[in-house]
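Structure first, commentary second.
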Number of protein chains: 2
Amino acid sequence: MYTSSEENYLKAILKLSQKEDGPVSTGALAAEMQTTAPSVTDMLRRLSEKQLATYEKYYGVQLTAEGVRVATALVRRHRLWEVFLTQKLGFAWDAVHDMAEQLEHVQHPELVERLDAFLGYPRFDPHGDPIPDAKGQWPQRQRQLLSATAVGSPVVVVGVDDHSAAFLQYLDRTGIGLGAHLTILERIEYDHSLNVRLLEQNRDLTLSDKVAHSLFVEPARE
Amino acid sequence: MYTSSEENYLKAILKLSQKEDGPVSTGALAAEMQTTAPSVTDMLRRLSEKQLATYEKYYGVQLTAEGVRVATALVRRHRLWEVFLTQKLGFAWDAVHDMAEQLEHVQHPELVERLDAFLGYPRFDPHGDPIPDAKGQWPQRQRQLLSATAVGSPVVVVGVDDHSAAFLQYLDRTGIGLGAHLTILERIEYDHSLNVRLLEQNRDLTLSDKVAHSLFVEPARE
DNA sequence: ACCGTTTTTTAGGCAAGCCTAAAAAACAAA
DNA sequence: TTTGTTTTTTAGGCTTGCCTAAAAAACGGT
Ligand SMILES: [Mn+2]
Ligand SMILES: [Mn+2]
Ligand SMILES: [Mn+2]
Ligand SMILES: [Mn+2]
């Protein structure tokens, strides 16, 4: 129905829209898509023409209901494929994104639903990101950044805000994966670094402010 | 590395080359690719430029070693994805081709090997077609058409020569799948139709000459 | 060898999706 | 409000992969 390129733009617009409301700027989109501003203007005209987005010159772009639908379905496929690649094929969580970028564009009405069933209807992808359901509904979770967490309260790691291979591999080396239980022992005022206890390994370690800003956690349940 | 379109042409050339040797003609390729002769000429120039094929005007095209390698790898991916779709996701054998046409183009060095392992290194796809191994070697099987089979000798269905949904669904309705055991009871001279016994269902039925020309069988082992 | 038919190539054009350079609009600051 | 800077759009061009119409080559029968 729509080209891969169109779908990718829609996904990028959705992502930027969710970050902050109001219209998305040409420049922000160009940065997100790693392309130039004129290329973006080109595409916005096409998306607007096809009623997938409303675009006003020098103002910005917003998705229409149909645009949201297409973008959400794409995110759903991307994240389900990421689950498949890690859970079924045994890929590491820092290796799956590029493959999912391609797999997400495979068009077939039944494929995504069958894949979802095969995977056991997962609600979050390997990076802790929510997977919209078949109706486009997003699972909610009251997550927060580790950097915004109080000293002393036990938390579970449920996601990452930085999806780079470098960061994910750092976490692997450090022994922090999704589901890891942390408690902040001390917050250093000077550089906002954290001394934390990692329950799984019964071990204390120091996390930089940068790391603390890239980890999503939620309160550990008893 | 190569575009989807280039890969599809290489696969088509390989297929036609395997059917009969000598160069592949522009017209045959156009028919196979469901496109026009000028489009084919265009692409042959590009493939030749990239050393994937040797093309001589008004003569025809042949794959280079690299062209064979790329085409074989594509067939490998196509057929492994077809196995995945039927074995793991439960799709019918008449539904998987279009999806595999898209999945086969997903580029990643490790993906196909992991998929192969996940599937248990299948040697044939859901239609009985051979799956080249990681080195590009094709499994051999001494199959023949049912139409060329002698009366009285028990055979097993191991493949189809017609991949159309119409034929595959006809086989489903008739109860003939891969692995079905047949014995020809009688060959009618008038229209070359066959009366056969289908062991699995302990049932006799009549198959047209057209059907007999679309079924591959091999001798049933004791 | 010639001639009509078929096949193939050439010529020219189009849309998608990208680019750079230049113009225009918007913004910000004095 | 004027001016300098940043952002965005326009203008023009490129490649890929298609197309149709016309020209050229190859083929087949006499
Ligand atoms: Mn991803
Ligand atoms: Mn992810
Ligand atoms: Mn197929
Ligand atoms: Mn097949």
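As the structure is a computational prediction, the values presented were derived from the model and not from experiment. Order of the sequence lines sets the chain letters (A, B, ...), proteins ahead of strands, with each chain counted from 1.
- Here the P atom of nucleotide dC19(C) and the CD atom of Q34(A) are 11 Å apart, to the nearest Å.
- Defined by atom type and a distance below 3.5 Å, a donor-acceptor pair is missing between the side-chain atoms of Q62(B) and S17(B).
- To the nearest angstrom, P of dA24(C) lies 9 Å from OH of Y58(A).
- The side chain of Y9(B) contributes an N or O atom lying less than 4.0 Å from OP1 or OP2 of dC18(D).
- Residues from residues 40-56 of chain B placing a heavy atom under 4.0 Å of any atom in DNA chain C, listed by number, are T41(B), R45(B), Y55(B).
- A donor and an acceptor atom, one from each side chain of D125(A) and W93(A), are nowhere located under 3.5 Å apart.
- Atom OH of Y2(A) and atom P of dA15(C) are 20 Å apart (whole Å).
- Within the structure, a side-chain polar atom (N or O) of T35(A) is placed less than 4.0 Å from OP1 or OP2 of dC19(C).
- Across all strands shown, Y59(A) has no heavy atoms under 4.0 Å from either base or sugar-phosphate atoms.
- Residues H97(A) and H127(A) place their aromatic rings such that the two centres sit no closer than 6.0 Å.
- In the set dA21(D), dA24(C), dA16(C), dA21(D) carries the atom at the smallest distance from any side-chain atom of P38(B).
- Phosphate proximity of dC18(C) to T36(A): absent, as no side-chain N or O sits under 4.0 Å from OP1 or OP2.
- Proximity of S39(B) to the phosphate of dC19(D): a side-chain N or O atom is located under 4.0 Å from OP1 or OP2.
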Practice prompt. I would like to know whether V157(B) and E218(B) meet side-chain contact (heavy atoms from CB on, under 4.5 Å); could you show each step before the answer?
Written response: CA-CA 7 Å; V157(B) 175; E218(B) 65 181 17; over 6 Å; no
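- Looking at residues 12-21 of chain A, you'll see that no heavy atom sits under 4.0 Å from any atom of DNA chain C.
- For the pair K57(A) and dT10(D), the criterion of a side-chain N or O lying under 4.0 Å from OP1 or OP2 is met.
- Counting any heavy atom pair closer than 4.0 Å across all strands shown, T26(B) reaches sugar-phosphate atoms only and no base atom.
- Taking atom CG of residue N8(A) and atom P of nucleotide dA16(C), one finds them 17 Å apart after rounding to whole Å.
- Atom CD of E6(B) is separated from atom P of dC18(D) by 10 Å (rounded to the nearest Å).
- S5(A) comes within 4.0 angstrom of the backbone, heavy atoms only, and of no base.
- The neighbour count for Q18(B) CD, taken as heavy atoms of other residues, nucleotides or ligands under 6.0 Å away, is above 12.
- Counted by atom type alone, Q102(B) and Q102(A) present zero donor-acceptor pairs between their side chains at under 3.5 Å.
- The pair K11(A)-E104(A) meets the salt-bridge criterion, with a side-chain N (NZ, NE, NH1 or NH2) lying under 4.0 Å from an Asp/Glu carboxylate O.
- Residue-environment remark: CG (D21(A)) stays at or below the threshold of 12 foreign heavy atoms within 6.0 Å.
- Using modelled atom types and a 3.5 Å distance limit, the side chains of H192(B) and H213(B) yield no donor-acceptor pair.
- Side-chain atoms of S25(B) lie closest to dT8(C) of the nucleotides dT8(C), dA25(C), dT9(C).
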